[in-house]
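Down below is the structure, laid out as structure tokens.
The sequence lines fix the lettering, A, B, ..., with proteins before strands; numbering per chain opens at 1.
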Amino acid sequence: MSEHDTPDTAVVPADDFGHGAVRLDEGHVIGTGGLPDRFENPGLPPHQPRMSDLTEAGAKRAEKQVAALFSVSILGTLVFLVSYFAIARDTYVFIPGIGDVDLSNVVLGTSLGAALLGIGLGAVHWAKTLMPDHESVEMRHTMRSSEERRQGFVDTLRAGGETSQLTRRPLIKVTLGAAMGLFALPLLVQLVGGLGRLPKNELSLTYWSGEVGPDGKPHFKPLRLARDPEGTPIKAEDVTIGSVFHVQPDGLLPDPTSDEPELRAGLESGILEAKSKAAVLLMRLNPSDIKSQKEKDWGYDGIVAYSKICTHVGCPVGLYEQQTHHLLCPCHQSTFDVTDDCKVIFGPAKRPLPQLKITVDDEGYLIATQPFREAVGPSFWERGQ
Amino acid sequence: MTALAAKRRHPAAFAFLLLLALLVTGTAYAAFAPRPAQAATLGADQVVEGKKLFQANCSTCHGLNAEGKSLGDGTEAGPALAGVGASAVDFQMGTGRMPLAAPGIQAQRQQKILFTPEQISQVAAYIASLAPGPAVPTSSDYDPATGNAAKGGALFRVNCAMCHNFAGSGGALTRGKYAPSLMGVAPKDVYEAMVTGPQSMPVFNDTNIDPQGKRDIIAFLQTVHDSPTPGGMKLGALGPVSEGLFAWIFGLGILIGCAMWLGQKSA
């Protein structure tokens, strides 16, 4: 054992730090060092008479103050009523510190605020200066009732049971219990029924999975990747290194040339829900930057497609940094590494983003060759079954 | 009139008229003559001048021949610039991001532009001569008047809003990087940023968002920027974070003050 193995500083004796910890009866107050057996009740502070109680002039002043506050409210209401009609909307004025504001907005808000605040402040000031300031004390008592009263309650209950013959006729007791117990069920059924029908396998399926047939199983058909929101298909050559495409499956998006009512009809028939599950991010990386072989195999020449829905709570993970190849979720800062199969490198997400396997069709457009292998988005009980 | 008519036989009248005619012709020519398109001429001398400027100002990080420079520890002092195009040079130098004022997380927009537009176009010509890349857009490419703000809004919300905020007021990225605010940014800069993808920003090439779509986005940003704020203070237009902070500090502060006043004894 050499000298280097032992620390130079030996154990310092405790005395160097003083005489140990401060005891409970020691403090900053210099005293006898002993605690009293019992703290005396300090009582209430002495009653302070108010100016308005002492002199008539003080009371008069308080009266005027309260009246002034109520007058502020009256004035505010009148200003509100007048300016509601007098000031045209979209009249913009410059107010220092706030900037250009709609005059009508500011005047209406300020006057209504003054009107309400005037009533409130006036009432409080009235109560504090002129209403009686008699101080009353209500002593605490224990919550528990006395033994006699508790026994009395039990006796009354028992006597009630006897006189109503409930204890003598068990048939009534049992049927009443059953009736009341069963009555809870309709309430419960409504509550559970109000949660909607069971999702079955819908949470695991996306628009990429294909249409669900009468057998309840999806029938996959390779879909083209389409730009969101235009709905136009994407060629592999369109995707250059460093670019990111926001993608929806072809056929899901409403025709961009359609008119407004059709679009609205589309929104009502669940397009938004389908879009929020099927959203995909398409990026092209230098193939040598990709570390995961599965990611390379499921992509096409460095073009990779990943679900845009965060595996934490389902926010759209849209913030792609083309230099670091990090995907950031704006809600809780979960960060995914696109070079390594979108594994989580920071944040609360627990699983990598699901990858969509893609290739190109005869015309050079990107298509999905299989649906997502796992459910997109956040976890749920039946996930992975 | 008679005085003028009497003077028309004056010996100096001819010389005066000649001078007047020359002046009018010269002024008219200067006013209507087509200007030489400076950005379009990628003349050899432009490239030579640009290379000189590049080697004097940029080569410390980007290498003497714009081949990029590695720091040896896996990071790079500056990326290779072949193929980034004249547009990238025009964006980076025209907004003062390059030459980098100081090494940092991210190059920032500067108020003071160190180079004249001519010098920038020379460097751009040099970089463009290395390999083909996006050219500097012309004013008709990014004219917001020809864009549809409603369509631009739809494009913006899908492609841009997650980083640059729904109102274009910017937002945070990972590890200190950020997406800058787009309010008051020149349409040309917005267009060039989309085409070239500076720093963390992905590239939005013409096959992703076509030029008309880019104009739509610029028109949308213009509309957002010009739209008035009835309530005054925007608080950065950042959404619930800044507004919540304001309400918590000032709203709750006032409520606490009221509660203390209510509990006080009146004298």
Side-chain angles (χ1 to χ4, degrees), chain A residues 45 48-52 62 89-90 92 94-95 97-102 104-106 109 120-121 124-125 127-129 133 227-230 232 234-235 237-246 248 256 279 283-284 315-324 326 328-330 333 335 345-346, chain B residues 75-76 79 83-84 106 134 150-151 153-166 171-175 177-179 194-210 212-213 216 228-235 239 254 258-259 261-267:
Chain A
Q48 296 278 351
R50 303 176 300 189
M51 285 303 268
S52 50
R89 287 180 61 195
D90 295 328
Y92 278 83
F94 179 79
I95 296 180
I98 303 182
D100 284 316
V101 289
D102 191 333
S104 151
N105 243 14
V106 173
L121 295 182
V124 172
H125 195 59
K128 288 177 70 156
T129 52
D133 73 334
R227 289 177 186 82
D228 184 18
E230 298 100 317
T232 47
I234 303 164
K235 282 196 163 158
E237 69 205 44
D238 294 346
V239 189
T240 51
I241 285 182
S243 59
V244 58
F245 282 61
H246 296 261
Q248 291 286 351
M283 293 145 288
R284 186 171 208 154
C315 289
V317 189
L319 284 71
Y320 173 61
E321 299 177 0
Q322 67 134 325
Q323 285 181 326
T324 55
H326 289 168
L328 172 68
C329 180
Q333 283 69 48
T335 312
I345 53 172
F346 181 81
Chain B
T75 58
E76 54 182 15
V84 300
Q106 180 171 333
K151 278 187 188 160
L155 282 168
F156 187 88
R157 281 187 288 276
V158 172
N159 290 289
C160 323
M162 70 290 288
C163 297
H164 286 288
N165 171 304
F166 52 89
L173 296 175
T174 62
R175 298 175 192 185
K177 298 188 283 287
Y178 64 93
M194 282 192 271
V195 172
T196 62
Q199 305 185 53
S200 293
M201 178 166 164
V203 180
F204 293 94
N205 58 23
D206 286 353
T207 55
N208 191 352
I209 301 175
D210 59 17
Q212 183 55 45
D216 292 344
T229 51
M233 267 190 218
K234 278 188 188 175
L235 300 176
I254 290 171
C258 284
W261 177 63
L262 276 171
Q264 237 172 21
K265 279 183 180 263
S266 58

_Tell me whether A/Lys128 contacts the main-chain N or O of B/Trp261 through its side chain, where contact means a donor paired with an acceptor under 3.5 Å._
yes
*With only heavy atoms counted, which part of A/Tyr92 is less than 4.5 Å from chain B, the side chain, the backbone, both or neither?*
side chain
*asked:* Tell me which of these, A/Thr232, A/Leu121, A/Val124, has more heavy-atom pairs under 4.5 Å with chain B than the rest.
replied: A/Val124
*With no hydrogens and no angle check, is any side-chain donor or acceptor of A/Arg227 less than 3.5 Å from a backbone partner on B/Thr207?*
yes
*Taking C-beta and beyond as the side chain, do A/Val101 and B/Thr229 meet within less than 4.5 Å on heavy atoms?*
no
*Could you state the interatomic distance from NE2 (A/His246) to CG (B/Asn159), rounded to the nearest 0.5 Å?*
4.5 Å
*Does B/Asn205 reach the main-chain N or O of A/Asp238 with its side chain, forming a donor-acceptor pair under 3.5 Å?*
yes
_Test side chain to side chain contact (heavy atoms under 4.5 Å, CB included) applied to A/Gln323 and B/Gln106, step by step_ = CA-CA 11 Å; A/Gln323 285 181 326; B/Gln106 180 171 333; over 6 Å; no
*Flag the one option from B/Gly232, B/Ser200, B/Cys163, B/Gly171 with the top tally of heavy-atom pairs under 4.5 Å to chain A.*
B/Ser200
*Structural part of B/Lys234 lying under 4.5 Å from a heavy atom of chain A*: neither
*Counting distance only, does the side-chain N/O of A/Gln322 pair as donor-acceptor with the main-chain N or O of B/Val203 below 3.5 Å?*
no
*So, for A/Leu319 and B/Ala172, which heavy atoms are closest and what is the spacing to 0.1 Å?*
CD2-O, 3.9 Å
*Structural part of B/Arg175 lying under 4.5 Å from a heavy atom of chain A*: side chain
*asked:* Would you compute the distance between atom CD of A/Gln333 and atom OG1 of B/Thr174 and round it to the nearest 0.5 angstrom?
replied: 10.0 Å
*Please report the shortest heavy-atom distance between A/Pro229 and B/Leu155, naming the atom on each side.*
CD-CD2, 3.7 Å
_For chain A, which candidate among B/Ala154, B/Pro228, B/Gly197 shows the most heavy-atom pairs at distances under 4.5 Å?_
B/Pro228
_Gap between atom CG of B/Asp206 and atom OG of A/Ser243 - 0.5 Å precision_ = 11.5 Å
_At a 4.5 Å cut-off on heavy atoms, which part of A/Thr240 comes close to chain B: side chain, backbone, both, or neither?_
both
*For chain B, which of A/Asp100, A/Val106, A/Thr324, A/Asp90 has the most heavy-atom pairs under 4.5 Å?*
A/Asp100
